[in-house]
Amino acid sequence: MDKGKIQTFREQLTRLLAKYCNESTMQNIDSKLNLIRDSEKDLMAQAKRDAELEGGQDLVEESFVYPIIAECQLLLPKKEFLGILTEIANLCVDFGEYATAEALFSNAIETAKDGVRYFDQAAEALQKRADVLLRQARWDPAKMDLKESRRLFTRTKNEIGIGKIENSLGIFMAQQGNTKESVAHFKRAASLFEKAKQTDLASTAYMNMGIVATMSGKFDEALAAYERALPEFERAGDVPRLAELHHNLGMLLLARAEMDSALGQFDESLNYASQVHYDALIGLASLGKAATYARKKDFALAHLFGNKALSIFRRLSAHLSIADSYKVKGIIQRELKHYDVAELYFHTSISLNQGYNSPLNLGEAYLEIGLLRKECGDKAKAKQVFQKSLKCFQQVGAKHNIEQVRAQLGSLKN
């Protein structure tokens with residue numbers, strides 16, 4: 001386990017404890033944790049000496065997250081306990097500990113369910129759990145959580161909370177390929193956030209609009225959305241959001257075939273993501289670099305960054321990103337003329353995208369396998385696959401991709 005990552009996690013966890021616990025409570029928790037650390041250190045030293053074992057624990061166990069939560073439940077009033085429980089879960093999301101985050105959000109939901117005065121806390125935990133589920137393409141439970149969260153936020157007339165639901169629904173709709181409805185949700189979210197003077201949240205909604213605009217091939221509109229969001233993230237020093245925005249700018253520039261500029265943005269994203277050990281963005285920026293290097297025909301670097309990304313996505317159970325990684329691996333192998341290997345990777349991507357209902361990503365995988373069939377001289381199969389790709393892109397209104405496929409279909413007539 002990365003010791004720097006564990007140290008950063010512990011520091012942020014300590015700040016959360018100080019936010020909710022008075023000095024006496026902090027001393028109580030520290031005293032018990034020190035007893036645990038001393039005891040386990042002695043046991044680990046003995047185990048290594050006796051059995052020559054390489055011991056090690058994951059980030060959550062190394063940081064004693066569950067013992068801390070158990071002690072907080074005993075020492076804190078219920079409202080404060082729900083607050084720290086949800087914030088620790090958010091911290092786990094930031095560090096890629098999705099399974100633990102989901103469990104903690106579920107704990108908060110269960111703890112808050114027995115009273116109207118805790119509706120806001122229950123609604124927030126439901127919305128946050130839905131975001132974790134969306135990251136893993138678990139659509140149905142995510143939708144159920146968002147529906148219940150909206151109901152509770154509506155009961156308490158919490159407009160910021162409702163705005164967060166609108167933003168999450170926008171993400172859900174975008175990933176399902178419903179770009180028009182997605183944009184409508186993001187616009188409603190931005191309006192609610194601006195009304196509440198939550199400029200950071202409004203900027204996140206604008207960034208999400210930029211992602212959808214890139215998907216739709218509206219590149220100028222996407223750039224305008226990112227430029228609208230960037231100053232607020234910089235002013236606030238919001239490192240995770242800066243990592244996301246620079247990655248999204250990289251994807252926009254890659255779509256515009258501005259390779260060197262795209263690499264610069266992915267490097268910026270990696271720089272910010274590495275500062276806060278934001279594994280999901282480290283994976284996405286690495287995959288962006290892999291795709292860019294593949295386009296530049298630097299296949300060794302493309303392979304290196306692609307495998308780095310795939311390793312992260314597997315650990316996070318980020319299924320759609322795993323599918324994207326296999327698509328990039330297929331592109332590399334096709335360019336190397338390893339057609340059988342490339343086709344296997346493309347079919348792997350297609351299978352995952354079909355299983356998790358991602359029409360845009362599915363269309364991209366079909367496009368790549370169509371290019372492979374064309375390169376192999378199988379015009380009939382290429383046409384068949386391009387038509388499948390076109391259907392997917394038409395479903396999501398991906399204008400740029402539609403033009404690409406139509407150009408390929410046109411070239412087969414010659």
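Since the structure is predicted, the reported quantities are computational estimates derived from the model, not experimental observations. Residue numbers count from 1 along this sequence.
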Is it true that a side-chain atom of Ser389 and a backbone atom of Tyr366 form a donor plus acceptor pair closer than 3.5 Å?
no

Taking the six-membered ring for Trp, are Phe266 and His247 parallel (under 30°), tilted (30 to 60°) or perpendicular (over 60°)?
tilted

Could you verify whether a donor N or O on one side chain and an acceptor N or O on the other, from Asn361 and Lys327, lie under 3.5 Å apart?
no

Would Arg228 and Tyr206 count as a cation-pi pair here, with the cationic atom under 6.0 angstrom from the ring centre and within 45° of the axis?
yes

Do you see a donor-acceptor pair shorter than 3.5 Å between the side chains of Arg129 and Ser106?
yes

Of all residues at least two apart in sequence or in a different chain, which pass the side chain to side chain donor-acceptor pair (under 3.5 Å) check with Asp30?
none

For Glu244 and Asn248, does a side-chain donor sit closer than 3.5 Å to a side-chain acceptor?
no

Quick test of your reading of the model: are Lys19 and Glu87 salt-bridged, counting only N-O distances below 4.0 Å?
yes

More than 12 heavy atoms from other groups under 6.0 Å of CZ on Arg315:
yes

Can you see whether Thr86 engages Asn90 through a side-chain donor-acceptor pair at a distance of less than 3.5 angstrom?
no

Please determine, by modelled atom types, if Glu11 and Gln7 share a side-chain donor-acceptor pair under 3.5 angstrom.
yes

Does any donor atom in the side chain of Glu375 or Tyr339 lie under 3.5 Å from an acceptor atom in the other side chain?
yes

Side-chain H-bond candidate by donor/acceptor type, Asn357 with Gln176, under 3.5 Å:
yes

Does a side-chain heavy-atom distance below 4.5 Å link Gln73 with Lys78?
no

For Ser149 and Leu126, which heavy atoms make the closest approach, and how far apart are they?
CB-CB, 3.8 Å

Going by atom types alone, do Tyr356 and Gln175 pair a side-chain donor with an acceptor below 3.5 Å?
no

Pairing donors with acceptors under 3.5 angstrom, does anything connect the side chains of Lys374 and Gln408?
yes

Between Ser269 and Gln265 (side chain of the first, backbone of the second, donor and acceptor by atom type, cut-off under 3.5 Å), is there such a pair?
no

Below 30° counts as parallel, above 60° as perpendicular, anything between as tilted: where do the rings of Phe172 and Trp139 land?
perpendicular

Do NZ/NE/NH1/NH2 and the carboxylate oxygens of Lys289 and Asp267 come within less than 4.0 Å?
yes

Heavy-atom side-chain contact between Arg406 and Leu390 under 4.5 Å:
yes

Would His400 and Phe219 count as a close aromatic pair, with their ring centres under 6.0 Å?
yes

